[in-house]
Amino acid sequence: MSIVARSPADRVIVVGGGVAGLATALRLAPCPVTLITAAPLGLGTATGWAQGGIAASIGHDDAPALHAADTEAAGAGLTETDVALSVAEAGPGLIDWLVDLGIGFDRTADGALALGLEAAHCRRRIVRARGDSTGATVLQGLVRAVQACPSVEIVVATLQDLLRDADGAVRGVICARDGAAFRLPARAVVLATGGLGGLYASTTNPRGATGRGLLAAARAGAALRDLEFVQFHPTAIASGRDPMPLATEALRGEGAALIDEHGERVMAGVTGGDLAPRDVVARGIFQALARGRTVYLDTRGALGRSMPTRFPTVAALCAEAGIDPAVQAIPVRPAAHYHMGGVLVDAFGRSSVSGLWACGEVASTGLHGANRLASNSLLEALAFAPRIAAAITDAAPAHAPVSPAPLPASFPAGEGAPDEVRSVMERHVGVVRDENGLSTAIEQLDRRARLGCAAAETGLMIARAALARRESRGAHWRSDFPEQLPAYHAVTTRADTIGMPAKQEFTDA
């Protein structure tokens, strides 16, 4: 489609083809939207790989307040109470919206939605589609809806930077396609670019998930929050693939156990055991591996035999790796999975820079705190999409002229992060951190960033934020500072985290 079909006075640009971008584009209708995707719709997004489901308090024994309480407990003191409750309250209606779009969820014999259990949830509230194929099913449904929506045009291109007007407000994007750069002016830009797991050597994310949107927002001067909190999924399948395939947390909800090579329970004696919050389980597995043990997810027996129908995605991944989960335990290890930090936004997804919104994993809404509760990621994106759309629709278009930002002369050949950056992040900014390792990472990443490596610049922001937080909380674990300080959010800008020691602006959680 044409990339100049929309009037800049009317157009809203949404960057990202996952659940956050697609839902936002649909909610903006009939406002003209240009949807920028790095790959053709339906490809290259972490949404399609989401196995678990969408958390929603629709069971007869459940309530939004219970869901919000579980979210807060997992968030390790940094989840904002009002955000958790408002998102939990929106959950049932969002499932209805998806059903109205034609997305089919798994149901019981009597036609009710089938609800699964995952770690750190006090109720069965995980709505799933085709067992462990929820992300792919939801993505396919949203893609169909977007393709049928006349107000949305689709441009396959890579985000390079944000355009700003004379007042510093965001008024469009600079993109690249086939090695050439072009500008797209707009009245507003919504970043829905996902996370940054691709910065790590071990990740469950697409290789292109390197925080490109986060860096673009940082370069535009947006406030960033809690960048140090990177969630590592405990049970990535250790089969040698890159990215690593995922064994959904729902398997542990259905009775799978974490064991070592001797059959001993890895999480024995830990509160919550195999169903403890993700950060706790990830550290338990990491520490076992560090002691030379091998860790497995044990699905042998009835659960393993039922996996082809109940968990077909994991069953297929195991088959590709030559594993029969009915008779063999699945080797697992933690892998970078989700970024709780991001662009600081308000209740309507607005960043600190006029004209710039953020939705989904790239945003820091206050929902996830220091550790995301399982199956709250798709929910968050779906909940904020209509809020963002309403705020943009109500906002008056700006008329300040756009400054002539120079177009980049060339672009990196690959989408992913260089192996050197991934190795540094894995070794020094991973599940367990300390001052020596983080300082080494900062030195090495700074050298690459000064040579123009965008992935190194993003990794440098994460490493500096991790060095500045001298405590252990949620997904951020400092072996040299194992205790917790009074809860605080760390709000920074790019100027704070690039080229100088990180200056933290502390705000009460």
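Note: hydrogens, waters and symmetry copies are ignored here, and every other heavy atom, side chains too, is used.
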Under 3.5 Å side-chain donor-acceptor pair for [X] and [Y]:
| X | Y | result |
| --- | --- | --- |
| Thr204 | His233 | no |
| Glu72 | Thr81 | yes |
| Gln231 | Asn371 | yes |
| Arg387 | Ser86 | yes |
| Thr235 | Glu249 | no |
| Arg130 | Thr137 | yes |

Are the side chains of [X] and [Y] in touch, meaning some heavy atoms are under 4.5 Å apart?
| X | Y | result |
| --- | --- | --- |
| Leu196 | Ile462 | yes |
| Pro308 | Arg305 | no |
| Val155 | Phe182 | yes |
| Leu159 | Leu191 | yes |
| Thr365 | Glu380 | yes |
| Pro331 | Ser239 | no |
| Leu367 | Phe384 | no |
| Trp357 | Val343 | no |

Fit a plane to each ring of His67 and His121, take the angle between them on a 0 to 90° scale, and name the class: parallel (under 30°), tilted (30 to 60°) or perpendicular (over 60°).
-> tilted
Short side-chain to backbone donor-acceptor contact, [X] and [Y], under 3.5 Å:
| X | Y | answer |
| --- | --- | --- |
| Thr47 | Val19 | yes |
| Thr203 | Gly197 | yes |
| Thr393 | Ala389 | yes |
| Arg187 | Arg11 | no |
| Thr193 | Arg212 | no |
| Arg350 | Val345 | no |
| Arg123 | Asp61 | yes |
| Ser364 | Gly341 | no |
| Thr299 | Pro325 | yes |
| Asp165 | Ala169 | yes |

Spacing of [X] atom [atom1] and [Y] atom [atom2] [to the nearest 0.5 Å]:
| X | Y | atom1 | atom2 | value |
| --- | --- | --- | --- | --- |
| Ile13 | Cys175 | CD1 | SG | 6.5 Å |
| Arg225 | His489 | CZ | NE2 | 4.5 Å |
| Asp106 | Thr134 | CG | OG1 | 7.0 Å |
| Leu344 | Leu224 | CG | CG | 8.5 Å |
| Arg207 | Leu199 | CZ | CG | 10.5 Å |
| Leu139 | Arg144 | CG | CZ | 10.0 Å |

Would you mind telling me which of Leu94, Asn376, Leu98 makes a side chain to side chain contact (heavy atoms under 4.5 Å, CB included) with Ile54?
-> Leu98
Option from Leu26, Val14, Thr24 for which side chain to side chain contact (heavy atoms under 4.5 Å, CB included) with Val33 holds | Val14
Could you pull out the closest heavy-atom pair between [X] and [Y], with the gap in Å?
| X | Y | answer |
| --- | --- | --- |
| Cys31 | Ser151 | O-CB, 3.6 Å |
| Val127 | Ala56 | CG2-CB, 4.4 Å |
| Phe311 | Thr248 | CD2-CG2, 3.9 Å |
| Arg164 | Gly168 | CD-O, 3.4 Å |
| Thr37 | Gly16 | CG2-C, 4.4 Å |
| Ile330 | Cys318 | CD1-SG, 3.7 Å |

Non-neighbouring partners of Ser375 that pass side chain to side chain contact (heavy atoms under 4.5 Å, CB included), sequence neighbours left out = Ala55, Glu118, Ile126
For side-chain contact (heavy atoms from CB on, under 4.5 Å), just list the numbers for Ile237 and Arg333, CA-CA rounded to whole Å, side-chain angles, deciding distance to a tenth of an Å, and then say yes or no.
-> CA-CA 7 Å; Ile237 300 174; Arg333 57 157 297 159; over 6 Å; no
Pairs involving residues 309-320, ordered by first then second residue, that meet side chain to side chain donor-acceptor pair (under 3.5 Å) (sequence neighbours left out) | Asp132-Thr313, Ser133-Thr313, Arg241-Glu320, Glu254-Arg310
For Arg219, enumerate each residue passing the salt bridge (charged side-chain N to carboxylate O under 4.0 Å, His left out) test, keeping only those at least two apart in sequence or located in another chain.
-> Glu457
Please test Leu22 against Leu41 for side-chain contact (heavy atoms from CB on, under 4.5 Å), starting from the C-alpha separation and ending with a verdict.
-> CA-CA 9 Å; Leu22 296 173; Leu41 282 187; 4.0 Å; yes
Measure centre to centre between the rings of Phe232 and Tyr338, then say whether the value is under 6.0 Å.
-> no
Tell me, with the steps shown, if Ile95 and Phe105 meet side-chain contact (heavy atoms from CB on, under 4.5 Å).
-> CA-CA 9 Å; Ile95 298 298; Phe105 292 102; 4.2 Å; yes
